[in-house]
Amino acid sequence: MYYPSKKDVLVAVVNWAVILSCFLPLAIQRDYEALFFTIPLALFLGWSWFTTGYRISNELLIIQSGPLKKRIPIKNIEKVSSTKNPLASSALSFDRIEISYGTDYGMALVSPKNKSAFVKHLKNINPQIELDKRLKEVM
């Protein structure tokens with residue numbers, strides 16, 4: 001099952017402003033050398049914008065954002081919490097879920113559009129997952 005990322009207006013404005021500013025060296029001074037550095041950034045941000053999402057498949061949570069992919073065995077997920085943590089992550093919204101997993105303090109931030117369905121799906125696979133009280137209210 002695929003869960004697309006929720007997208008905030010503020011994140012969209014910042015993301016697209018950075019993408020557009022990557023082309024300023026070309027528009028202002030015809031500085032083609034600068035494009036060597038700015039075009040890859042613009043491509044990465046655009047690719048991430050359109051492909052950020054979360055797939056639950058074969059007892060794995062697969063987090064994808066552009067070319068980056070992270071696989072988390074759902075049986076290793078210990079806790080799921082609601083958060084507004086602004087750390088850089090595979091989330092296009094500040095309405096996020098923090099997923100704690102593994103023995104080495106693994107943590108992932110995600111922002112599925114349908115939080116309750118996403119969390120229920122995880123809990124169906126691993127009923128041992130602990131939920132914080134804010135997520136219990138959503139479900």
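The shortest side-chain heavy-atom distance between L131 and V119 falls under the 4.5 Å cut-off. With a 4.5 Å cut-off on side-chain heavy atoms, C22 and I39 do not count as touching. Y54 places a side-chain heavy atom less than 4.5 Å from the side chain of L61. Residues I129 and P127 have side chains not in contact (no heavy-atom distance under 4.5 Å, counting atoms from C-beta outward). Side-chain contact between L68 and S90 is absent, with no heavy atoms from C-beta onward closer than 4.5 Å. V80 has its side chain out of reach of E98: every pair of non-hydrogen atoms, C-beta onward, lies at least 4.5 Å apart. The closest side-chain heavy-atom distance from M1 to H121 is below 4.5 Å. Using a 4.5 Å heavy-atom cutoff, the side chains of T38 and F23 are not in contact.
Across every non-hydrogen atom of V18 and L45, the tightest pair is CG1-CD1, 3.4 Å. R134 approaches S82 most closely through the heavy-atom pair NH2-O, 2.7 Å. Across R96 and N85, no two heavy atoms sit closer than the pair NH1-O, 2.7 Å. Closest non-hydrogen pair, K7 versus S93, comes out as N-CB, 4.4 Å. Closest heavy-atom contact between L109 and A91: O-CB, 4.1 Å. The two residues G53 and Y2 have their closest heavy-atom pair at CA-OH, 3.3 Å.
M107 contributes atom CE, which lies 8.0 Å from atom OG1 of T83 (distance to the nearest 0.5 angstrom). Atom CD1 of I74 and atom CG of N76 lie 10.0 Å apart (nearest 0.5 Å). To the nearest 0.5 angstrom, K79 atom NZ is 13.0 Å from I99 atom CD1. Between atom NZ of residue K123 and atom CD1 of residue I77 there is a gap of 11.0 Å, rounded to the nearest 0.5 Å. A distance of 8.5 Å separates CG in L92 from CG in D8, rounded to the nearest 0.5 Å. Separating the CD1 atom in I125 from the NZ atom in K120 is a distance of 15.0 Å, to the nearest 0.5 Å.
Heavy atoms of other residues, nucleotides or ligands lying less than 6.0 angstrom from CD of E59 number 12 at most.
The cluster map of Ile, Leu, Val, Met, Phe, Trp and Tyr, joined by side-chain heavy atoms under 4.5 Å apart, puts I62 and I97 in different clusters. Transitive grouping of hydrophobic side chains (ILVMFWY, heavy atoms separated by less than 4.5 Å) brings F50 and V14 into a common cluster. Put simply, W47 and I19 are part of two different groups of oily side chains (I, L, V, M, F, W, Y) that touch within less than 4.5 Å, one to the next.
Ion pairing between a basic and an acidic side chain is recognised when a charged N comes within 4.0 Å of a carboxylate O; D95 and K6 show such pairing.
Inspection of the S65 and T52 side chains reveals an N or O donor paired with an N or O acceptor under 3.5 Å.
A ring-centre distance under 6.0 Å is found for Y3 and F118.
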Exercise for review: Run the numbers on V11 and W49 for side-chain contact (heavy atoms from CB on, under 4.5 Å), then give the verdict.
Suggested key: CA-CA 10 Å; V11 175; W49 181 259; 4.2 Å; yes
Point to revise | Derivation and outcome, side-chain contact (heavy atoms from CB on, under 4.5 Å), residues L41 and L43 | key: CA-CA 5 Å; L41 175 62; L43 290 173; over 6 Å; no
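Sorted by first then second residue, the ring pair (Phe, Tyr, Trp, His ring centres under 6.0 Å) pairs that include residues 93-116, not counting sequence neighbours, number zero.
Within the 3.5 Å criterion, the main-chain N or O of D132 finds no donor-acceptor partner in the side chain of E130.
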